[in-house]
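If you're wondering where the values come from, they're calculated on a predicted model, not measured in any experiment.
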Amino acid sequence: MRTLFFFPPLNKLSGGMAVIARMSMQLRQAGFSTFLVPREDTQLACDAAPDVPIISWNNLRFACDDIWVVPEGWPQGLLAGLQAHVQCVIYVQNWAYLLRNIPATTLSSLPVQFMAVSHPVAWYIRETTGRQSFLLRPGIDTNLFHPHPERQNCPAKPITERLKVAWMPRKNKALTRQIIDVLSARGQDIEWIEIHGRSQKEVAELMRNSHIFLATGFPEGCPLPPLEAMASGCIVAGWGGLGGWDYMRQTTTFPGAFEPWWPQEDVLWGGNGFYAADADILGAVFALEQACRLLRTGGPELALMRRHTAMTVQRYSIIQQALSVTTLWSLFEKNIANNRSISSLQENYD
C-alpha cells in the first residue's frame, strides 16, 4: 500500500500544505510507503518534506491499493485518483473551501472519503454532504513554542509593564485595524506586535515576548497560531472562525461574549480565552479588554487560565499528531490488506 499526497500548484507553502507535508514525514518515519506528487513545483514539495520521495505528475502511475490524498478545493487533483479507481481521501482543513469548486450534491455521490482537521469541520462536512469523516488534527512544535520560565514558575503574577498584543495581518487586516483603532479610542495603552513574513523561530520569539494574542482569522479549519500563542504563554482573545472552537472555550461572560450554537465536543479543559463572534469588532475589543484586566490583576484566575491553556496545548502536540496519523493509517493498511474499502472504518471514527 502506498499513500500519495497531491501537492497543488502554490506560489509558496501554505499552512495547510505544511500540515500535510508533516503528516507525510510522520508516515514515512513510521515505515509507511509515502510519496508527494506535486502538480507543478517539485522544489516546493522537496523543501516542505525533504525526507519524502517525490513522484512527478508526468510519471504518476497508480496501483490498485494506493491511497490518494487531496486537500479540499482541488478537483483536478481529485479527478486523477477517481479516474484510476483508487481509494481517494479529501483532507478538509478549511470548511470554507470544501464546496468552492465542487457542489455538495456531487461530493456526496463521489466514491471518496473525508478527513476533517477538527470537530467543527467534521460537523460541517456532515451537514453539507451527509457524510462522516475521519478526524485528524494538526500539531504544533512545543519545543519551539513555549513560554518564558517566569510564566511557568509564576503563573499568577500580574503584569505591571505595558501590555504587548501580537496579531497577524494575514487574514482580515482591515477588521483588525478597526479593533486597534477602537481600543486606542477607549484609552487602552497597548503595544501592538505585528507578525508577518517571519520564520517559525521568529514567530515563537515574538509570541513568547507578548502577553496577548489577538485571533482575527476566519474562516478557519483548526487555526494553529492561537494554539502556538497559548503554548508561548499568551492569553488568546478574538475570533474562532468556526474551526477554532475545536479547542477554544469561553472563560467568562462579557459584552459580546460568544458561545457556539453548533455541537461542541467535551474537552478536559475549561475556559482558555476570551472570544467574540467572527467579525464582531466591539465584541473583540471587549474580549481584549477582559484579557488585559486579567493580566493586570493576576491571581488565581490567571493561574487557572494558564493551566487550561497548557492542557489545551497538550492535545495538539506533534507527538499526538504523529500518533493519530499512524494509528489511522495502520487501520487503512489492515483494511486494504483484507481487500476492504477504508470507508468501512469511517463510521464514528474519532
Side-chain angles (χ1 to χ4, degrees), residues 15-16 19-20 23 69-74 78 88-140 171-172 215-227 230 236 238-250 257-273 275-280 283 311-312 315-316 320-321 324-325 327-328 331-332 342-350:
V19 170
I20 287 178
M23 282 173 49
V69 183
V70 181
E72 84 286 349
W74 293 97
L78 180 61
C88 299
V89 178
I90 301 177
Y91 190 20
V92 185
Q93 295 190 76
N94 194 322
W95 56 272
Y97 303 145
L98 175 64
L99 307 179
R100 181 174 60 179
N101 295 315
I102 308 176
T105 52
T106 301
L107 265 182
S108 61
S109 63
L110 288 176
V112 300
Q113 311 309 317
F114 294 95
M115 214 159 48
V117 75
S118 67
H119 189 268
V121 170
W123 169 79
Y124 181 85
I125 293 169
R126 186 171 63 252
E127 292 298 314
T128 54
T129 69
R131 303 282 293 278
Q132 297 290 331
S133 304
F134 299 107
L135 189 55
L136 191 59
R137 295 180 170 93
I140 62 171
K171 290 187 179 181
N172 306 312
T216 56
F218 71 85
E220 297 281 7
C222 188
L224 294 182
L227 281 170
M230 288 183 189
V236 174
W239 305 325
L242 183 73
W245 290 95
D246 194 62
Y247 58 85
M248 292 177 175
R249 294 296 183 270
Q250 192 69 267
F258 178 75
E259 286 291 347
W261 52 265
W262 53 87
Q264 284 191 281
E265 184 184 24
D266 290 334
V267 293
L268 297 176
W269 55 89
N272 57 13
Y275 307 110
D278 295 345
D280 183 350
M311 292 171 68
T312 306
R315 188 197 206 183
Y316 296 86
Q320 185 60 50
Q321 181 192 19
S324 297
V325 69
T327 299
L328 179 56
L331 293 173
F332 286 173
I342 60 177
S343 62
S344 62
L345 298 167
Q346 201 163 48
E347 192 71 26
N348 298 321
Y349 179 85
D350 190 346

Do [X] and [Y] make a side-chain contact, defined as non-hydrogen atoms from C-beta onward lying under 4.5 Å apart?
{"X": "Trp262", "Y": "Glu127", "answer": "no"}
{"X": "Leu107", "Y": "Ile90", "answer": "yes"}
{"X": "Thr128", "Y": "Trp95", "answer": "no"}
{"X": "Gln113", "Y": "Gln132", "answer": "no"}
{"X": "Arg137", "Y": "His119", "answer": "yes"}
{"X": "Gln264", "Y": "Arg249", "answer": "yes"}
{"X": "Met115", "Y": "Leu328", "answer": "yes"}
{"X": "Met311", "Y": "Asn272", "answer": "no"}

Least distance between heavy atoms, [X] atom then [Y] atom:
{"X": "Gly221", "Y": "Ser118", "answer": "O-OG, 2.7 Å"}
{"X": "Pro103", "Y": "Leu99", "answer": "C-CD2, 4.3 Å"}
{"X": "Val236", "Y": "Pro226", "answer": "CG2-O, 3.6 Å"}
{"X": "Thr312", "Y": "Met230", "answer": "CG2-SD, 4.1 Å"}

Do the side chain of [X] and the main chain of [Y] share a donor and acceptor less than 3.5 angstrom apart?
{"X": "Asp278", "Y": "Gly241", "answer": "yes"}
{"X": "Thr129", "Y": "Arg126", "answer": "no"}
{"X": "Gln320", "Y": "Gly139", "answer": "no"}
{"X": "Gln250", "Y": "Tyr275", "answer": "yes"}
{"X": "Tyr247", "Y": "Pro223", "answer": "yes"}

Measure the [atom1]-[atom2] distance between [X] and [Y] for me, rounded to the nearest 0.5 Å.
{"X": "Trp239", "Y": "Met248", "atom1": "CH2", "atom2": "CE", "answer": "12.0 Å"}
{"X": "Ser324", "Y": "Phe134", "atom1": "OG", "atom2": "CZ", "answer": "13.5 Å"}
{"X": "Trp245", "Y": "Phe258", "atom1": "CH2", "atom2": "CZ", "answer": "6.5 Å"}
{"X": "Glu265", "Y": "Asp246", "atom1": "CD", "atom2": "CG", "answer": "6.5 Å"}
{"X": "Gln93", "Y": "Ile20", "atom1": "CD", "atom2": "CD1", "answer": "5.0 Å"}

Inset, instruction - Test side chain to side chain contact (heavy atoms under 4.5 Å, CB included) on Val70 and Cys88 and set out the steps. - result: CA-CA 8 Å; Val70 181; Cys88 299; over 6 Å; no
Legend entry - side chain to side chain contact (heavy atoms under 4.5 Å, CB included) evaluation trace for Val267 with Arg315: CA-CA 10 Å; Val267 293; Arg315 188 197 206 183; 3.9 Å; yes
Inset, instruction - Scan Val117, Leu136, Leu98 and name whichever one has a side chain to side chain contact (heavy atoms under 4.5 Å, CB included) with Val92. - result: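 Exactly one candidate clears the test, Leu98.
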Legend entry - Parallel, tilted or perpendicular: ring planes of Trp123 versus Trp261, cut at 30 and 60 degrees: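 Aromatic pair Trp123/Trp261 classed perpendicular.
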